[in-house]
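Data first, discussion second: the structure below is written as structure tokens.
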Amino acid sequence: MLIGEIEVKKVMCFGCSLNAGIKAIVKDGKLLKLEADPEHYLGRGWICERSKAFITHLYHPDRLNYPMKRVGKRGEGKWERIGWEQALDEIAEKLRKLKEQYGAETLASLGGTGRGHQQIIKERFMNLFGSPNSATAGQWCALVCYQIENATYGASSRGKSALKSAACTVLWGQNPEESQACLYRELLRQKREGTKFICIDPKRSESVADLADIWVPLRPGTDAALALAWLNVIIKEELYDKEFVDKWCYGFDRMKERVKEYPPGKVAEITWVPEETIVASARLYATSKPASIQWGVKCDMQGVNVTSVNHAKAILRSITGNLDVAGGDVLMGPCEEANYGPVFEYLDMLPPEQKSKQLGADRHRFWCFAGYDMIYEAGKRYWWGKGNAAGYMPNCHTTSVYDAIITRKPYPVTALIIGGDNPMVAYPNTRHVYEALKSPNLELSVVVEQWLTPTAMLADYLFPAACWLEMPVMHMHTLQGLGNYVYIGEQAVEPLYERKPDFYAYQGLGRRLGQEKYWRDTLEDEFTWCIQPLLDKLGYTSAIEFAKKQGWWFPPFIEKRYEKINPRTGKQWGFATPTGKVEIYSTILEKLGYDPLPHYQEPPETPVSAPELNKEYPYILTTGSRVRGLHHSEHRQIQLTRRIVNYPTVEIHPDTAQKQGIKDGDWVWIETKRGRIKQKAWVTDKIPPWMVDIQHAWWFPEKDAEEPTLYGVFESNANVLTPDEDKYMDGPMGAAGFLPYLCKVYPVGNHVGKG
Ligand SMILES: Nc1nc2c(c(=O)[nH]1)N[C@H]1C(S)=C(S)[C@@H](COP(=O)(O)OP(=O)(O)OC[C@H]3O[C@@H](n4cnc5c(=O)[nH]c(N)nc54)[C@H](O)[C@@H]3O)O[C@H]1N2
Ligand SMILES: Nc1nc2c(c(=O)[nH]1)N[C@H]1C(S)=C(S)[C@@H](COP(=O)(O)OP(=O)(O)OC[C@H]3O[C@@H](n4cnc5c(=O)[nH]c(N)nc54)[C@H](O)[C@@H]3O)O[C@H]1N2
Ligand SMILES: [Mo]
């Protein structure tokens with residue numbers, strides 16, 4: 001839109017994956033202001049502090065502006081500025097040689113929470129190169145939850161229908177007041193209009209304080225036991241939807257037997273939640289119609305129970321008859337009108353013999369191709385032949401990548417591409433990540449980034465990535481096939497300096513490595529191709545025209561689609577699973593040799609499983625609760641956000657503080673048996689006396705970039721304290737455990753704790 005000399009662009013915020021709608025005010029190619037788009041469906045005229053800070057992000061003097069080549073030792077901080085063409089030529093040449101010598105599987109890639117288009121484009125490059133070894137943060141974030149939900153009911157249940165509010169909403173290991181600021185006002189509105197909230201959180205978080213009708217303050221990592229106790233109550237008291245269960249569920253009777261092992265009295269002992277609270281919360285959830293259980297990441301990162309807890313939650317949503325009901329848990333499949341996910345990334349081009357080499361596939365079969373392929377096949381029959389599961393799945397197992405670099409087993413991984421990710425702070429066991437990134441066995445290490453970070457400091461080549469203001473942005477749900485809608489934001493300004501959208505790094509390499517026919521000329525062309533079916537229907541000629549004139553499009557909501565007739569088959573839709581039903585008893589898990597029903601396993605490092613260790617390390621540690629002012633490791637450079645959260649913060653109860661001689665604002669050591677870090681104490685009674693919560697992803701751009709400091713990456717980073725051995729991880733999916741662990745806390749200056 002043009003108003004005089006001022007242009008107003010409809011851009012999509014990528015400060016987090018909610019993707020608020022923003023108006024960018026631009027004059028003479030310069031961004032003047034970012035403001036909320038009042039017409040946008042999400043924030044409806046409200047955006048958070050971080051969104052606004054992106055104007056500083058765009059023009060910040062510390063941004064990475066040119067491709068760089070390392071000239072000193074890794075981590076020494078000696079770089080030579082080179083051109084894009086030279087960087088692409090040299091890297092492509094090296095990759096060709098390594099592939100010849102070791103096979104395509106010698107290249108691995110790492111990705112983070114998924115920013116913009118970069119992850120799916122990286123996957124495309126990997127598939128066409130022939131390597132099955134891409135790893136992402138999805139292994140402990142939403143993707144593990146999608147995987148088990150897909151196996152259970154053939155889609156993810158993160159869809160929201162705007163038609164109706166839930167009668168009861170369950171926030172389970174989620175604190176949207178901090179993590180979903182744009183949506184939070186909507187939850188407050190629902191609360192005022194009568195929605196009941198159940199909050200399952202050991203802490204009296206901001207969301208608990210504002211919303212909870214029932215607060216279930218459980219011991220960290222025991223969520224699977226709680227979910228099984230809810231199922232026990234709901235089945236025993238016959239509070240489930242019998243008609244739905246009879247018609248649409250597979251394996252209910254076996255579940256009925258299983259839940260007998262989890263009576264609320266026994267689970268009260270496991271979770272430390274009073275029996276009455278367990279029973280009352282289960283009843284409130286099951287008798288409220290419609291009811292919804294929200295996704296919360298803390299269930300995806302609790303190690304050994306990750307598959308079970310998410311499976312049990314999926315079963316709860318199903319047997320209470322809340323699936324695909326307005327106000328309940330709407331199933332969100334991919335968008336029929338798009339070449340999404342597996343199509344967009346040319347997954348079919350990865351040869352079967354290469355798939356079979358995926359790292360970690362022997363141990364985490366449900367996460368890797370063995371499991372994914374079964375989900376994909378069931379999905380293909382259902383979702384228009386294209387498959388349902390997200391683009392950029394399945395991943396290899398993250399930890400196995402470092403092992404393959406360091407030990408060269410089961411085969412040498414000698415090249416690594418990292419994009420949209422800061423694994424030196426985001427992945428568990430920082431020292432393991434560091435050892436791999438520094439290993440002489442790693443012959444090529446490429447990072448695509450917007451800033452120098454501790455991870456970028458260890459690279460051989462750096463590409464400068466554009467941010468979301470410098471390129472058009474397509475919503476990840478559309479691209480990956482995780483959501484059925486289309487949403488594209490305009491580019492606000494031309495990329496500054498030699499920054500480019502990530503696409504051009506992968507396209508440049510791909511075109512040099514024989515993948516010419518799979519890469520369109522521009523990112524805009526790729527977006528147009530991705531949503532061509534919709535553009536044809538709506539009469540637009542390009543994705544960019546759609547972004548300018550419309551921006552977003554939602555298909556009509558079909559309530560209880562499973563019972564409607566599928567025009568293609570003439571039969572009821574059912575569910576996209578092998579049996580066509582909700583698989584309470586998962587035939588996929590069964591085939592892979594895992595427990596087909598959810599169960600609870602005591603995590604390896606708790607007061608119950610490690611009582612001796614507990615004597616020395618008296619507190620239960622959880623990590624990484626989100627804070628509004630920061631997004632993971634980002635924006636430590638930006639004054640506006642550092643003013644909101646200036647230093648790493650650990651939450652400690654007043655009794656604990658007193659016992660340990662800690663005052664509010666003191667720097668304290670937090671120590672597990674793996675090491676110690678320091679953060680500043682926030683003494684607060686919102687946390688129980690037996691628990692400690694540390695912020696994650698801390699590094700300090702203001703400190704020395706070079707080794708050994710590496711921006712202070714070992715000083716306050718939560719993942720110095722987290723392990724990544726298999727015994728701490730989920731079996732079927734290899735999901736990491738960022739909680740629960742045992743720790744002590746004591747003031748900096750003391751050598752040992754008092755507790
Ligand atoms: N202990 C502990 N650890 C955790 C968690 C926890 O709760 N506890 N949470 C985990 C979770 S859920 C997640 S999702 C991960 C997040 O892990 P990451 O995604 O690795 O974390 P970020 O700090 O967001 O890192 C993203 C990096 O990508 C860069 N970036 C941003 N946009 C773009 C882009 O468009 N292109 C490119 N090339 N780069 C871009 C940023 O500058 C930043 O350095 O952290 C995990 N780590
Ligand atoms: N501002 C901001 N927003 C973000 C992000 C960010 O970094 N900053 N990251 C984005 C990403 S990638 C993600 S994954 C989401 C995550 O956001 P959320 O899903 O909201 O998760 P968290 O904030 O990590 O944790 C939520 C709550 O879980 C509680 N908790 C801790 N341990 C346990 C446990 O064992 N069980 C249960 N039931 N609860 C527990 C904590 O006390 C906390 O209040 O946020 C997204 N939004
Ligand atoms: Mo995440």
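All of these numbers come straight from a predicted model, not from anything done at the bench. Ligands are counted one by one from 1 in listed order, and the atoms in each one are counted from 1 as well.
- Nearest to atom 38 (N) of ligand 2 by heavy atom, out of Asp201, Asp223, Asp300, is Asp223.
- Note on ligand 1: Lys298 sits in its first shell, one or more heavy atoms being nearer than 4.0 Å.
- For ligand 2, one of its N or O atoms has an N or O atom of Ile200 under 3.5 Å away.
- Within the 4.0 Å heavy-atom criterion, neither part of Thr222 lies near ligand 2.
- Within ligand 2, counting atoms from 1 as listed, the ones closer than 4.0 Å to a heavy atom of Glu178 are 1 (N), 2 (C), 3 (N).
- In this structure, atom 33 (C) of ligand 1 lies nearest to the protein heavy atom Gln450 NE2, 3.4 Å.
- Within ligand 1, the atoms closer than 4.0 Å to a non-hydrogen atom of Trp451 are 42 (O), numbered from 1 in the order shown.
- A side-chain donor from one of Ser134 and Glu123 sits under 3.5 Å from a side-chain acceptor of the other.
- Regarding atom 10 (C) of ligand 1, its nearest protein heavy-atom neighbour is Trp140 NE1, 3.4 Å.
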#### Entry: Test side-chain hydrogen bond (donor to acceptor under 3.5 Å, both in side chains) applied to Thr722 and Asn719, step by step
CA-CA 5 Å; Thr722 55; Asn719 289 322; 2.9 Å; yes

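- Residue Ala426 has at least one heavy-atom neighbour below 4.0 Å for each of these atoms of ligand 1: 3 (N), 4 (C), 17 (O), 18 (P), 20 (O), 45 (O), 46 (C), 47 (N).
- Defined by atom type and a distance below 3.5 Å, a donor-acceptor pair is present between the side-chain atoms of Lys122 and Gln118.
- Each of the following atoms of ligand 1 lies closer than 4.0 Å to a heavy atom of Gly112: 18 (P), 19 (O), 20 (O).
- The ligand atoms of ligand 2 that sit less than 4.0 angstrom from a heavy atom of Leu630 are 1 (N), 2 (C), 6 (C), 7 (O), 8 (N).
- Classification of Asp201 and Lys298 as a salt-bridged pair fails, no side-chain N sitting under 4.0 Å from a carboxylate O.
- Not a single heavy atom of Gly116 sits less than 4.0 Å from an atom of ligand 1.
- Between Glu602 and Arg219 there is a salt bridge, with a side-chain nitrogen of the basic residue lying less than 4.0 Å from a carboxylate oxygen of the acidic one.
- For atom 23 (O) of ligand 1, the nearest non-hydrogen atom of the protein is Ser633 OG, 2.4 Å.
- Close contacts between ligand 1 and Asn719 involve ligand atoms 1 (N), 2 (C), 3 (N) [criterion: under 4.0 Å to a heavy atom].
- Within the 6.0 Å centre-distance limit, the rings of Trp699 and Tyr711 are counted as a close aromatic pair.
- Neither side chain, Thr522 nor Glu526, offers a donor N or O lying under 3.5 Å from an acceptor on the other.
- For atom 2 (C) of ligand 1, the nearest non-hydrogen atom from the set Phe14, Trp699, Phe738 comes from Phe738.
- Protein heavy atom nearest atom 24 (O) of ligand 1, with residue, atom name and distance: His632 CB, 3.5 Å.
- Asn310 and Glu149 share no donor-acceptor pair across their side chains, judged by distance under 3.5 Å alone.
- Regarding atom 39 (N) of ligand 1, its nearest protein heavy-atom neighbour is Gly420 CA, 3.3 Å.
- In the candidate list Pro740, Ser179, Ala142, Ser179 is nearest to atom 17 (O) of ligand 2, counting heavy atoms.
- Between Met471 and ligand 1, a contact under 3.5 Å exists for no N or O pair.
- Considering backbone and side-chain N/O atoms, Tyr427 never comes within less than 3.5 Å of an N/O atom of ligand 1.
- If you look at Pro220 next to ligand 2, the close heavy atoms, those under 4.0 Å, come from the backbone and the side chain alike.
- Contacts of Thr622 with ligand 2, taken as heavy-atom pairs under 4.0 Å, involve the side chain alone.
- Take Tyr461 and apply the ring pair (Phe, Tyr, Trp, His ring centres under 6.0 Å) test, not counting sequence neighbours, and it matches no residue.
- The stretch residues 464-479 participates, sequence neighbours left out, in these salt bridge (Lys or Arg N to Asp or Glu O under 4.0 Å) pairs: Arg63-Glu470, Glu470-Arg499.
- At least one N or O atom of Asp421 sits closer than 3.5 Å to an N or O atom of ligand 1.
- Remark: Arg115 engages Glu634 in a salt bridge, criterion side-chain N to carboxylate O under 4.0 Å.
- For atom 25 (O) of ligand 1, the nearest non-hydrogen atom from the set Asn422, Thr453, Leu452, Val447 belongs to Asn422.
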#### Entry: side-chain hydrogen bond (donor to acceptor under 3.5 Å, both in side chains) assessment of Asp223 paired with Tyr600
CA-CA 9 Å; Asp223 299 74; Tyr600 172 71; over 6 Å; no

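- On a distance-only criterion, Val448 and ligand 1 share at least one N/O pair closer than 3.5 Å.
- For the residue pair His57 / Gln450, a side-chain donor-acceptor distance below 3.5 Å is found, with atom types taken as modelled.
- Using cut-offs of 30° and 60° on the angle between ring planes, the pair Phe738 and Trp140 is perpendicular.
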### Query
Does the pair Asp421 and Tyr427 meet the rule for a side-chain hydrogen bond (donor to acceptor under 3.5 Å, both in side chains), with working shown?
CA-CA 9 Å; Asp421 186 16; Tyr427 279 39; 3.3 Å; yes

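- Counting only heavy atoms of the protein, atom 9 (N) of ligand 1 lies nearest to Arg626 NH2, 3.3 Å.
- Residue Thr113 touches ligand 2 through its side chain alone, judged by heavy-atom distances below 4.0 Å.
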### Message
Apply side chain to side chain contact (heavy atoms under 4.5 Å, CB included) to residues Arg50 and Thr641 and explain how you reach the verdict.
### Response
CA-CA 7 Å; Arg50 270 186 321 107; Thr641 51; 3.7 Å; yes

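- For the residue pair Ser292/Asp329, the side-chain donor-acceptor check at 3.5 Å is satisfied.
- A salt bridge links Glu49 and Arg628; the closest N-O separation between the charged side-chain nitrogens and carboxylate oxygens is under 4.0 Å.
- The heavy atom nearest to atom 5 (C) of ligand 2, considering only His631, Glu634, Arg204, is found in His631.
- Assignment of Gln180 to the shell around ligand 2 is not supported, since no heavy atom sits closer than 4.0 Å.
- For atom 43 (C) of ligand 1, the closest non-hydrogen atom of the protein is Glu449 OE2, 3.2 Å.
- Looking only at heavy atoms of the protein, atom 37 (C) of ligand 1 is closest to Asp502 OD2, 3.4 Å.
- When only interatomic distances are considered, the shortest N/O to N/O separation between His696 and ligand 2 does not fall below 3.5 Å.
- Going from atom CZ of Arg642 over to atom NE2 of His635 covers 12.5 Å, rounded to the nearest 0.5 Å.
- Residue Met301 has at least one heavy-atom neighbour below 4.0 Å for each of these atoms of ligand 1: 5 (C), 6 (C), 7 (O), 9 (N), 10 (C), 12 (S).
- In the model, Asn422 has a side-chain atom that pairs as donor or acceptor with a side-chain atom of Thr455 under 3.5 Å.
- At least one heavy atom of Leu218 sits closer than 4.0 Å to an atom of ligand 2.
- Heavy-atom proximity to Cys141, at under 4.0 Å, picks out these atoms of ligand 1: 12 (S), 14 (S).
- If you look at Val208 next to ligand 2, there are no close heavy atoms at all, none under 4.0 Å.
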